[in-house]
Number of protein chains: 2
Amino acid sequence: MPKDRAPTRIQQKNRAAILEAALNVFSAHGFRGATVDQIAAEAGLSKPNLLYYFPSKEAIHTALLSGLLEVWLAPLHTLDENGEPLEEILSYIRRKLEMSRDLPRESRLFANELVQGAPRIHEALSSDLKKLVDEKTTTLTRWMDQGQIARVHPYHLIFSIWALTQHYADFDVQVRAILGDENPFDGAVPFVETLYRKLLTP
Amino acid sequence: MPKDRAPTRIQQKNRAAILEAALNVFSAHGFRGATVDQIAAEAGLSKPNLLYYFPSKEAIHTALLSGLLEVWLAPLHTLDENGEPLEEILSYIRRKLEMSRDLPRESRLFANELVQGAPRIHEALSSDLKKLVDEKTTTLTRWMDQGQIARVHPYHLIFSIWALTQHYADFDVQVRAILGDENPFDGAVPFVETLYRKLLTP
DNA sequence: TCTTGATTTGACCATTCGGTCAAACTCACG
DNA sequence: CGTGAGTTTGACCGAATGGTCAAATCAAGA
């Protein structure tokens with residue numbers, strides 16, 4: 001394996017290619033369904049060469065997940081307690097919808113992991129994610145106490161946003177099977193916006 | 001393999017045990033992640049004995065999916081065009097939530113399949129499912145035309161119901177990691193009901 | 001250029017997996 | 001009981017898979 005000194009150009013390029021390929025393969029087939037050969041082929045490397053950069057299939061998956069968790073939670077981080085409540089929530093929702101549209105592989109990577117019981121990220125859920133959500137629900141609750149948005153169960157409000165937005169990435173095949181040629185997001189954006197305006201307007 | 005005459009008691013019992021075990025294993029690990037040995041062990045049979053009842057792993061999966069698709073879509077079938085619109089929709093939603101609570105394995109079985117592109121049920125999506133959804137959106141649209149419920153995009157209304165209700169089964173680990181000991185459905189039922197009342201009240 | 005560490009690979013290995021088969025066992029019924 | 005169909009299994013097979021290793025190749029600095 002490469003020394004843990006400053007990474008060479010080749011190391012940077014190959015590590016990036018591997019993670020990109022792994023994102024394709026893991027998100028499409030799940031951890032167990034993905035093969036090292038498949039990832040190596042997609043990254044343009046031989047299998048032993050790939051295993052020169054990451055010690056195991058599991059290590060690739062872990063690196064991918066932990067690297068993307070930050071990206072994945074970024075929109076919720078930006079929910080600003082000092083902003084205008086309804087607009088803050090709506091712009092969070094819009095960003096989540098954009099992520100479903102622009103980063104569907106990332107969404108499906110997490111969906112695969114979660115639906116199978118999150119064996120590899122259970123830890124992060126009950127620590128990092130819970131902490132972040134608790135922090136933001138505090139803000140939501142304050143807004144409700146001040147009558148700036150309608151009072152609803154704050155945790156379920158967040159769950160509903162996740163469910164509604166990620167549905168378009170995770171279950172894309174189903175959505176497209178029903179909508180046909182219509183672009184899902186053309187209808188989804190105004191639908192979801194209307195929904196949350198009606199729900200949250202006091 | 002057993003003759004296709006009237007199934008014996010043993011055949012009935014073993015076939016049922018296999019499908020039950022397969023539901024456990026496939027819903028927890030996905031198609032690729034499940035092994036025939038695992039299913040056989042859970043059904044209390046040896047592997048060759050299991051393969052005496054079903055010709056292959058794929059055949060078990062197919063039998064399971066097609067058998068459950070009917071169950072899965074039953075609640076939407078019962079949406080009655082002659083009923084009271086909002087109550088019809090709300091009782092559909094309640095039934096879907098009950099299914100997430102009582103049949104989470106079935107939900108995750110389909111979720112696993114869908115998130116990986118539905119390679120084995122794509123056909124059923126664009127025929128049976130689309131037909132059913134088209135039929136019901138016609139009813140929804142008529143209700144909107146008559147001003148009995150608010151006008152929203154009918155397809156996205158259905159997607160939102162699926163997303164919100166199935167989320168509690170499919171991403172159960174995540175929900176529980178955040179809610180802790182609180183029973184998810186205690187909060188989900190009133191939350192979702194409020195949401196759709198506000199959305200759909202004209 | 002030469003050397004040394006970084007990179008790449010063909011060959012190989014152990015294990016797992018889906019599936020087969022012939023032989024053995026069991027059950028229902030005449 | 002006896003017998004034939006229905007049921008069960010141990011042993012086995014070929015392919016796929018994750019991973020290893022020694023040897024070969026490459027690249028950059030002295």
Side-chain angles (χ1 to χ4, degrees), chain A residues 1-65 112-113 116 119-120, chain B residues 1-65 112-113 116 119-120:
Chain A
M1 56 210 112
K3 292 286 167 63
D4 52 2
R5 288 290 167 204
T8 70
R9 251 179 332 194
I10 295 178
Q11 271 174 46
Q12 280 192 310
K13 195 193 62 165
N14 282 346
R15 278 183 169 271
I18 291 169
L19 289 175
E20 168 71 15
L23 176 57
N24 277 333
V25 178
F26 281 133
S27 69
H29 304 289
F31 180 77
R32 191 66 160 50
T35 73
V36 177
D37 294 86
Q38 217 179 337
I39 298 171
E42 193 141 336
L45 301 174
S46 66
K47 181 167 62 170
N49 198 10
L50 179 148
L51 290 167
Y52 168 72
Y53 290 100
F54 289 89
S56 69
K57 179 183 174 181
E58 177 109 28
I60 303 173
H61 195 250
T62 301
L64 196 56
L65 279 175
N112 260 303
E113 184 69 8
Q116 291 180 17
R120 280 166 284 271
Chain B
M1 52 208 117
K3 292 285 169 62
D4 52 1
R5 288 292 168 202
T8 70
R9 252 180 332 195
I10 295 178
Q11 271 174 47
Q12 281 191 310
K13 194 194 62 169
N14 283 346
R15 277 183 170 270
I18 290 168
L19 290 175
E20 169 72 16
L23 176 56
N24 277 332
V25 177
F26 282 133
S27 68
H29 305 288
F31 180 78
R32 191 66 158 53
T35 73
V36 176
D37 293 86
Q38 217 179 336
I39 298 172
E42 193 140 337
L45 300 174
S46 66
K47 181 167 62 168
N49 198 11
L50 180 148
L51 290 166
Y52 168 72
Y53 291 100
F54 289 89
S56 67
K57 178 183 176 181
E58 177 109 28
I60 304 173
H61 195 251
T62 301
L64 195 57
L65 280 174
N112 260 302
E113 184 68 10
Q116 292 181 17
R120 279 166 285 270

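All values below come from the heavy atoms of this structure, side chains included, with hydrogens, waters and symmetry mates left out. We name chains A, B, ... by the order of the sequence lines, and we start the count at 1 in each one.
- Here the C1' atom of nucleotide C:dT7 and the CZ atom of A:Arg15 are 14 Å apart, to the nearest Å.
- Residue B:Asn14 has no polar side-chain atom (N or O) positioned under 4.0 Å from OP1 or OP2 of D:dG6.
- Nucleic acid contact class of A:Ala40 (heavy atoms, under 4.0 Å, all strands): none.
- Side-chain atoms of A:Val36 lie closest to D:dG19 of the nucleotides C:dG19, D:dT20, D:dG19.
- Toward the 5′ end of DNA chain C lies the nearest nucleotide of B:Ser56, the other residue of the pair B:Ser56 and B:Ile10 mapping further downstream.
- Counting any heavy atom pair closer than 4.0 Å across all strands shown, B:Ala34 reaches sugar-phosphate atoms only and no base atom.
- Contact between the side-chain N/O atoms of A:Tyr53 and the OP1/OP2 oxygens of C:dT8 is found at a separation under 4.0 Å.
- Atom CZ of A:Phe26 and atom CD of A:Glu113 lie 10.0 Å apart (nearest 0.5 Å).
- Seen from the ring of A:Phe31, B:Arg32 does not count as a face-on cation partner, given the 6.0 Å and 45° thresholds.
- D:dG18 atom C1' lies 16 Å from atom CZ of A:Phe54, rounded to whole Å.
- Side-chain N/O atoms of A:Lys57 and base N/O atoms of D:dG19 include no donor-acceptor pair closer than 3.5 Å.
- Between the CD1 atom in B:Ile60 and the CG atom in B:Leu65 there is a gap of 12.0 Å [rounded to 0.5 Å].
- When the P atom of D:dA15 is taken as reference, atom CD of A:Gln38 falls 20 Å away, rounded to whole Å.
- Between A:Ile39 atom CD1 and D:dG19 atom C1' the separation is 14 Å, expressed in whole Å.
- Proximity of A:Tyr52 to the phosphate of C:dT8: no side-chain N or O atom is located under 4.0 Å from OP1 or OP2.
- Rounded to whole Å, atom C1' of C:dC12 lies 10 Å from atom NZ of A:Lys47.
- When each of D:dG18, C:dT20, D:dT20 is scored by its nearest atom to the side-chain atoms of B:Pro48, the top-ranked nucleotide is C:dT20.
- Separating the CZ atom of B:Arg32 from the C1' atom of D:dA15 is a distance of 12 Å, rounded to the nearest angstrom.
- For B:Ile18 and C:dG18, the CD1 to P distance is 14 Å, given to the nearest whole Å.
- Atom CD1 of residue B:Ile18 and atom CG of residue B:Leu23 lie 13.5 Å apart, to the nearest 0.5 angstrom.
- Not one side-chain nitrogen or oxygen of B:Gln11 sits closer than 4.0 Å to the OP1 or OP2 atom of D:dG6.
- Rounded to the nearest 0.5 Å, atoms NZ (A:Lys57) and CD1 (A:Ile39) are 7.0 Å apart.
- Contact annotation: A:Arg9 side-chain N/O to D:dA28 OP1/OP2 distance is under 4.0 Å.
- Remark: C1' of D:dA22 and CG of A:Leu51 are 16 Å apart, rounded to the nearest angstrom.
- Contact annotation: B:Asn49 reaches the phosphate of D:dT9 (side-chain N/O to OP1 or OP2, under 4.0 Å).
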